[in-house]
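We name chains A, B, ... by the order of the sequence lines, and we start the count at 1 in each one.
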Amino acid sequence: MNEVPSRYNHKDTEDKWYKFWEENNLFSATVNPSKKPFCIVIPPPNVTGILHMGHALNNTIQDILIRYHRMKGFETLWMPGTDHAGIATQNVVEKQIAKDGLRRQDLGRDKFLERVWQWKEKYGSTIIQQLKKLGASCDWKRLRFTMDEAYSEVVKEVFVRLYEKGLIYQGDYIINWCPRCQTALSDEEAPHQEIDGYLYYIKYPLASKFQNYIVVATTRPETMLGDTAVAVHPKDKRYKKFIGKEVILPLIGRQIKIIADEMVDRKFGTGAVKVTPAHDPNDYLLGKKYNLEFINIMNPDGTLNENTFSYTGLDRFKARELIVNELKKINLLEKIKPHKISVGHCYRCHTIIEPYLSRQWFVKMKPLAKPAIEVVKKGKIKFYPKRWTKVYLNWMENIQDWCISRQIWWGHRIPVYYCRNCQQIYKSQIPNPKSQINLREKSGIIVSREKPEKCPSCGSTDIYQDEDVLDTWFSSWLWPFVTFYWPKESEDLKYFYPTSVLVTAPEIIFFWVARMIMAGLEFMQDIPFYDVYIHGTVRDIEGRKMSKSLGNIIDPLEIIEHIGADALRFSLIMITSTGQDIFLSEEKFKVGRNFCNKIWNAARLVLMNLDEKNISFDLCMFFKKEKIDPINRWIISRFYSTLKNVESALKYYNFNEYANLLYHFFWHQFCDWYLEIIKPKIKEIHNQLVMYKILEKFLRSLHPIMPFITEEIWQKLPKRKDNSIMIEPWPHIQQELIDKKLEKEMELIFDIVKTTRSLRLEFNLNKNLKLKIGLYTKDKRKIDFINSVFPYVMHLAGIESFEILERIPSLESKVSLLVGDVNLSIYLEGLIELKEEKKKLSQEVEKISLDIKNKEILFKNKDFLNKAPQQVIEQEKEKLSLLKERAKLLKTILDGIKDL
RNA sequence: GGGCGAUUAGCUCAGUUGGUUAGAGCGCGUGCCUCACAUGCACGAGGUCAGAGGUUCGAAUCCUCUAUCGCCCACCA
């Protein structure tokens with residue numbers, strides 16, 4: 001043992017043990033009817049992902065749950081995988097080929113996809129390697145990818161099933177369009193953010209009387225080029241006379257009608273609103289309602305199209321600038337007011353999205369949402385912390401249809417085929433909401449698992465597939481059962497589904513959690529998981545999200561490199577209060593690093609002094625046969641008490657509590673007290689056995705959060721036979737070894753030691769000076785206890801001898817103080833002044849008389865005596881008598897000092 | 001405009017269903033390189049629990065309002 005260094009070095013251990021676990025197949029799970037299953041499906045990280053602190057937290061939590069349940073005897077599966085992340089991955093590869101001056105169109109679809117697959121093969125498992133560094137104990141042999149062959153088949157299957165059920169439809173609507181990614185996005189993918197904008201007041205001249213005009217207010221003046229009406233409120237007196245008249249659209253010259261609709265807010269702007277049916281969701285509705293023209297003024301890349309005449313080809317924001325200038329010039333701009341405006345941003349590239357009219361595929365969500373609301377309301381699925389239930393329900397109850405088609409290449413291609421022959425008859429390529437057709441009933445559209453040979457309607461073989469792919473989330477919402485090869489009725493599926501718990505961050509609730517619940521109920525007729533644990537978001541020390549652009553990222557891999565995965569894991573969990581966001585700084589990782597070192601050194605002490613022959617007894621049996629001293633009984637009781645609390649913390653997902661309990665137990669009770677107490681007699685058999693057993697059990701209970709260091713020390717323990725700690729059973733709580741009374745009584749002993757230490761320092765006594773002390777108390781039980789325990793602990797305060805006194809001693813050559821209701825006297829020969837002590841005692845007397853007064857007031861209160869529970873009254877009575885006893889003692893001591 | 005969270009020691013946060021003297025880590029001060037650990041040990045200072053009102057025998061804890069900060073949702077042009 002002597003060669004073991006005094007500092008723990010994670011570099012010597014972490015990779016070594018991870019390899020050992022993998023090689024011995026310790027992560028794998030199989031159907032095992034004799035055991036209960038415990039299963040978590042990983043939130044599949046994007047193939048483009050690199051491990052950030054959010055991942056580190058998320059996966060540490062999952063790994064704690066997984067390792068804990070594995071040790072608890074469950075058949076435990078952590079199902080891993082990665083997500084193809086359509087837009088994100090395509091963007092990455094597009095950037096890559098851009099270095100060669102290429103666009104994806106230059107390569108063509110097939111060549112481009114080939115490049116993406118190459119990229120995926122090369123870099124797609126980066127994050128998996130990083131998860132391994134973190135210690136994640138996933139069953140890697142089951143690793144899935146949302147675009148592997150089997151998975152892709154199922155995605156098609158699901159699309160067709162939903163279509164056949166009438167839950168999927170195609171339609172021309174205003175959707176969120178990202179001009180940079182050039183694809184449609186779902187509402188969830190276009191989160192609104194407030195930005196500083198302007199409200200432009202523009203004069204629209206009336207067609208009949210040229211000198212008169214109506215003023216409209218808009219935040220997007222460029223969209224006026226697509227205006228096909230102006231709307232006012234029907235009861236608005238200012239505009240009543242204009243209803244039905246026409247205005248001339250400036251810059252364009254088009255005559256457009258003034259219509260009246262209650263949708264218009266009279267208080268906003270001028271009360272008159274321009275209507276652009278092709279570029280605004282509200283205007284779209286008005287357009288349909290009043291049969292207005294839908295004029296699209298924009299190209300997919302955000303430049304204006306030929307419908308805008310002289311502005312054709314300009315970027316939307318450049319056009320805005322020019323239009324405003326032009327309006328100014330011709331005196332049709334009344335004013336510009338600063339205005340906060342909330343606009344959608346692409347969640348992938350943060351470009352401002354454009355409400356854009358286009359033909360897309362949608363899923364009808366209301367029918368799917370209904371049962372998913374039920375299961376949460378009925379408590380079949382529980383959110384932790386509970387408050388997320390409300391967020392979930394609120395979203396579900398107001399759910400909108402889900403736009404699932406994306407105009408990108410990387411993804412699951414939509415299994416829809418068109419017949420060119422029939423298309424010529426029925427379908428125009430230009431979106432046109434006015435001629436909305438019920439596409440399902442029209443021939444020329446074939447939704448099919450396989451590419452059809454010929455058109456079932458006209459027999460033509462001129463058939464082509466829809467160019468679009470599906471939203472990434474349209475595959476990930478199937479994750480909890482497709483990973484078990486649904487729709488095959490596999491044994492794994494039966495055994496592991498529903499999974500136990502899903503662990504994720506709040507921003508994923510709508511994207512993924514809600515949709516998985518819907519998919520589970522729709523396709524499996526059962527919930528996908530019982531619990532949803534939502535952890536906080538990792539932020540920087542000022543509360544900002546970590547991002548590259550802010551430069552405030554703390555890289556978990558750097559931390560791991562520096563102090564190890566265990567230290568990272570422990571620190572993260574220690575500072576994460578349940579469900580709260582985490583404000584992180586590098587400083588905060590010290591806790592874990594220091595704790596590793598503490599564990600390491602305590603283990604060194606134990607192992608250096610351990611004789612193998614002493615440790616082969618069972619603790620319980622040993623206790624039955626032998627009379628064990630109170631110190632050893634105390635630490636064992638403390639351990640099992642802690643373990644009990646640990647289990648309850650884990651049950652309710654209070655991970656920081658779990659970390660805290662073990663930290664406190666190990667450092668401040670096992671090391672600070674127990675080991676220090678037994679040190680002089682560390683070779684005695686009771687001490688040998690207990691220190692070994694506690695260390696060994698502690699390692700097991702710590703293993704889920706600090707897998708590497710616990711394994712490293714475990715393997716150094718005698719008689720290990722190469723068994724990994726990770727498949728050892730979780731320590732069993734020995735209820736009969738918990739002695740709460742003893743734990744409390746021990747506090748008194750420690751207080752005496754601490755007070756003595758404190759006095760030593762206060763009176764500046766030489767540290768080598770051995771003390772003689774006297775102890776006095778009226779309590780017979782305490783006298784016995786002190787007599788039996790004090791000899792073990794005296795050395796901690798440099799006490800040479802103690803005596804139990806018959807009465808309070810006179811104060812000559814003594815320092816005397818109260819510890820609880822025990823009078824502690826330290827014998828000193830002319831070494832100290834008593835003035836300080838007197839002051840201290842007087843303060844104490846003051847405080848205690850105040851306490852007594854307060855308690856006496858309490859007992860005069862009849863309401864208290866009548867209404868408080870008997871137990872509380874008894875407690876208070878006891879407290880009062882203790883206080884009085886204490887006051888009496890104090891007075892005696894003080895009187896003694898006065899006599900001097 | 002709705003909803004949610006936070007406000008406790010210098011900093012970051014715990015504080016179960018209301019019930020002793022409100023805790024921890026870091027930081028700070030003092031003294032120690034004591035033969036497991038200076039990534040350590042011992043001792044210590046530091047709090048009107050954001051404010052106001054209410055319920056209660058009793059409130060950091062429950063209710064109402066207010067203030068500040070943060071997050072989420074919503075089609076206000």
**Asked** Is H664(A) near enough to rG23(B) that one of its side-chain N or O atoms lies under 4.0 angstrom from OP1 or OP2?
**Response** no

**Prompt:** In dot-bracket, 5' to 3', how would RNA chain B read with Watson-Crick or G-U wobble pairs under 3.5 Å, [ ] for crossing ones and | for pairs to another strand?
**Reply:** (((((((..((((.....[...)))).(((((.......))))).....(((((..]....))))))))))))....

**Request:** From the options rA77(B), rG25(B), rC4(B), select the nucleotide whose nearest atom is closest to the side chain of Y663(A).
**Result:** rG25(B)

**Nearest-0.5 Å distance that lies between atom OH in Y284(A) and atom CZ in F294(A)** = 6.0 Å

**Message:** Expressed as a whole number of angstroms, how long is the span from M396(A):CE to rA74(B):C1'?
**Reply:** 18 Å

**Prompt:** Of all the choices, rC72(B), rG25(B), rU30(B), which nucleotide is nearest to the side chain of F510(A) once you look at every atom?
**Reply:** rC72(B)

**Complete:** E397(A) CD to rA74(B) P, in whole Å, measures 15 Å

**Request:** Return the set of residues passing ring-ring contact (aromatic ring centres under 6.0 Å, His included) with Y239(A) (not counting sequence neighbours), or none when no residue passes.
**Result:** none

**Complete:** So salt bridge (charged side-chain N to carboxylate O under 4.0 Å, His left out) across residues 187-202 of chain A, not counting sequence neighbours, yields E188(A)-R515(A), E189(A)-R406(A), D196(A)-K340(A)

**Request:** Kindly point out which of rA77(B), rC4(B), rU20(B) is positioned nearest to the side chain of D265(A)?
**Result:** rA77(B)

**Item:** Spacing of the P atoms in rC32(B) and rU12(B) (rounded, Å)
**Value:** 33 Å

**Item:** Pairing residues for W402(A) by the ring-ring contact (aromatic ring centres under 6.0 Å, His included) criterion, not counting sequence neighbours
**Value:** F474(A), W477(A)

**Prompt:** How many Å lie between NZ on K386(A) and C1' on rU17(B), as a whole number?
**Reply:** 12 Å

**Message:** If you assign E587(A) and K744(A) each to the RNA chain B nucleotide with the nearest heavy atom, which residue ends up on the more 5' nucleotide?
**Reply:** K744(A)

**Prompt:** Are R266(A) and D236(A) ion-paired here, with the side-chain N under 4.0 Å from a carboxylate O?
**Reply:** no

**Message:** Under the rule for ring-ring contact (aromatic ring centres under 6.0 Å, His included), what residues qualify as partners of Y204(A), not counting sequence neighbours?
**Reply:** none

**Request:** Would you mind building the protein contact string for nucleotides 7-12 of chain B? One character per nucleotide, 5' to 3', B for base within reach (heavy atoms under 4.0 Å), S for sugar-phosphate only, - for untouched.
**Result:** -----S

**Which residue lies more 5' along RNA chain B, comparing P191(A) with R220(A) via nearest heavy atoms** = P191(A)

**Request:** Report yes if at least one side-chain N or O of H339(A) is closer than 4.0 Å to OP1 or OP2 of rA77(B); otherwise report no.
**Result:** yes

**Request:** Whole angstrom is fine here: how far is it from CD in Q193(A) over to P in rC71(B)?
**Result:** 10 Å

**Request:** Could you note down all residue pairs passing salt bridge (charged side-chain N to carboxylate O under 4.0 Å, His left out) where residues 645-659 of chain A supplies at least one of them, sequence neighbours left out?
**Result:** K72(A)-E647(A)

**Asked** So, R320(A) and E222(A), do they make that salt bridge, N to O below 4.0 Å?
**Response** yes

**Message:** Between Y8(A) and T13(A), do the side chains contain a donor N or O and an acceptor N or O under 3.5 Å apart?
**Reply:** yes

**Request:** For residues F655(A) and F570(A), establish whether the separation of their ring centroids is below 6.0 Å.
**Result:** no

**Asked** With rounding to whole Å, what would you report as the distance between rG3(B) and rG47(B) at their C1' atoms?
**Response** 33 Å

**Request:** May I have the distance from L357(A) (atom CG) to rC75(B) (atom C1'), rounded to whole angstrom?
**Result:** 16 Å

**Message:** Distance check, P atoms only: rG46(B) and rG29(B), in whole angstrom units.
**Reply:** 16 Å

**Message:** Rounding to an integer number of angstrom, what distance separates rC62(B) and rU20(B) when you compare their P atoms?
**Reply:** 16 Å

**Item:** Distance between C1' atoms of rG23(B) and rC76(B) (Å, rounded)
**Value:** 49 Å

**Asked** Rounded to the Å, how far apart are I509(A) CD1 and rG5(B) P?
**Response** 13 Å

I'd like a list of close polar pairs between nucleotides 35-39 of chain B and the protein, N/O only, cut-off under 3.5 Å.
{"residue": "rA36(B)", "atom": "O2'", "partner": "N601(A)", "partner atom": "OD1", "Å": "2.5"}
{"residue": "rA36(B)", "atom": "O2'", "partner": "R604(A)", "partner atom": "NH1", "Å": "2.7"}
{"residue": "rA36(B)", "atom": "N7", "partner": "K679(A)", "partner atom": "NZ", "Å": "3.2"}
{"residue": "rA36(B)", "atom": "N6", "partner": "E676(A)", "partner atom": "OE2", "Å": "2.8"}
{"residue": "rA36(B)", "atom": "N3", "partner": "N601(A)", "partner atom": "O", "Å": "3.1"}
{"residue": "rA36(B)", "atom": "N3", "partner": "A602(A)", "partner atom": "N", "Å": "3.3"}
{"residue": "rC37(B)", "atom": "O4'", "partner": "N601(A)", "partner atom": "OD1", "Å": "3.0"}
{"residue": "rC37(B)", "atom": "O4'", "partner": "N601(A)", "partner atom": "ND2", "Å": "3.3"}
{"residue": "rC37(B)", "atom": "O2'", "partner": "N597(A)", "partner atom": "ND2", "Å": "3.1"}
{"residue": "rC37(B)", "atom": "O2", "partner": "K598(A)", "partner atom": "NZ", "Å": "3.0"}
{"residue": "rC37(B)", "atom": "N3", "partner": "K598(A)", "partner atom": "NZ", "Å": "2.9"}
{"residue": "rU39(B)", "atom": "OP1", "partner": "R7(A)", "partner atom": "NH2", "Å": "2.5"}
{"residue": "rU39(B)", "atom": "O4'", "partner": "R593(A)", "partner atom": "NH2", "Å": "3.0"}
{"residue": "rU39(B)", "atom": "O4'", "partner": "N594(A)", "partner atom": "OD1", "Å": "3.1"}
{"residue": "rU39(B)", "atom": "O2'", "partner": "N597(A)", "partner atom": "ND2", "Å": "2.9"}
{"residue": "rU39(B)", "atom": "O2", "partner": "R593(A)", "partner atom": "O", "Å": "3.4"}
{"residue": "rU39(B)", "atom": "O4", "partner": "R7(A)", "partner atom": "NH1", "Å": "2.6"}

Pairs of donor and acceptor atoms involving the side chains of residues 662-669 of chain A, under 3.5 Å and at least two apart or interchain, shall be tabulated with distances.
{"residue": "H668(A)", "atom": "ND1", "partner": "D672(A)", "partner atom": "OD2", "Å": "2.9"}
{"residue": "Q669(A)", "atom": "OE1", "partner": "R638(A)", "partner atom": "NE", "Å": "2.7"}
{"residue": "Q669(A)", "atom": "OE1", "partner": "R638(A)", "partner atom": "NH2", "Å": "3.2"}

**Asked** rC41(B) C1' sits how many Å from K754(A) NZ, rounded?
**Response** 14 Å

**Request:** Could you measure between the two P atoms, the one in rU48(B) and the one in rA9(B), and give it in whole Å?
**Result:** 9 Å

**Message:** Any base atoms under 4.0 Å from V273(A), or only sugar-phosphate, or nothing? Heavy atoms, all strands.
**Reply:** base

**Prompt:** What is the distance from CG of L661(A) to P of rA14(B), rounded to the nearest Å?
**Reply:** 15 Å

**Prompt:** Excluding sequence neighbours, so at least two apart, what forms side-chain hydrogen bond (donor to acceptor under 3.5 Å, both in side chains) with D265(A)?
**Reply:** none

**Request:** Could you work out the separation of rC26(B) and rA22(B) based on their P atoms and round it to a whole Å?
**Result:** 22 Å

**Prompt:** Taking the P atom of each, how far is rG25(B) from rG40(B), in whole Å?
**Reply:** 12 Å

**Item:** All side-chain hydrogen bond (donor to acceptor under 3.5 Å, both in side chains) counterparts of S641(A), not counting sequence neighbours
**Value:** K740(A), E743(A)

**Non-hydrogen atoms of P506(A) and H535(A) that approach each other most closely** = CD-O, 3.0 Å

**Request:** With the side chain of R387(A) defined as its heavy atoms from C-beta on, choose the nearest nucleotide among rC43(B), rA24(B), rC4(B).
**Result:** rC4(B)

Could you write out each protein N or O paired with an N or O of nucleotides 55-65 of chain B at a distance under 3.5 Å?
{"residue": "rC57(B)", "atom": "OP1", "partner": "K867(A)", "partner atom": "NZ", "Å": "2.3"}
{"residue": "rC57(B)", "atom": "O2'", "partner": "N861(A)", "partner atom": "ND2", "Å": "3.0"}

**Message:** So that I can tick it off, tell me whether D280(A) and R220(A) are bridged by a salt bridge, with the cut-off set at under 4.0 angstrom between side-chain N and carboxylate O.
**Reply:** yes

**Prompt:** So, Y356(A) and N176(A): side-chain donor and acceptor under 3.5 Å apart, yes or no?
**Reply:** no

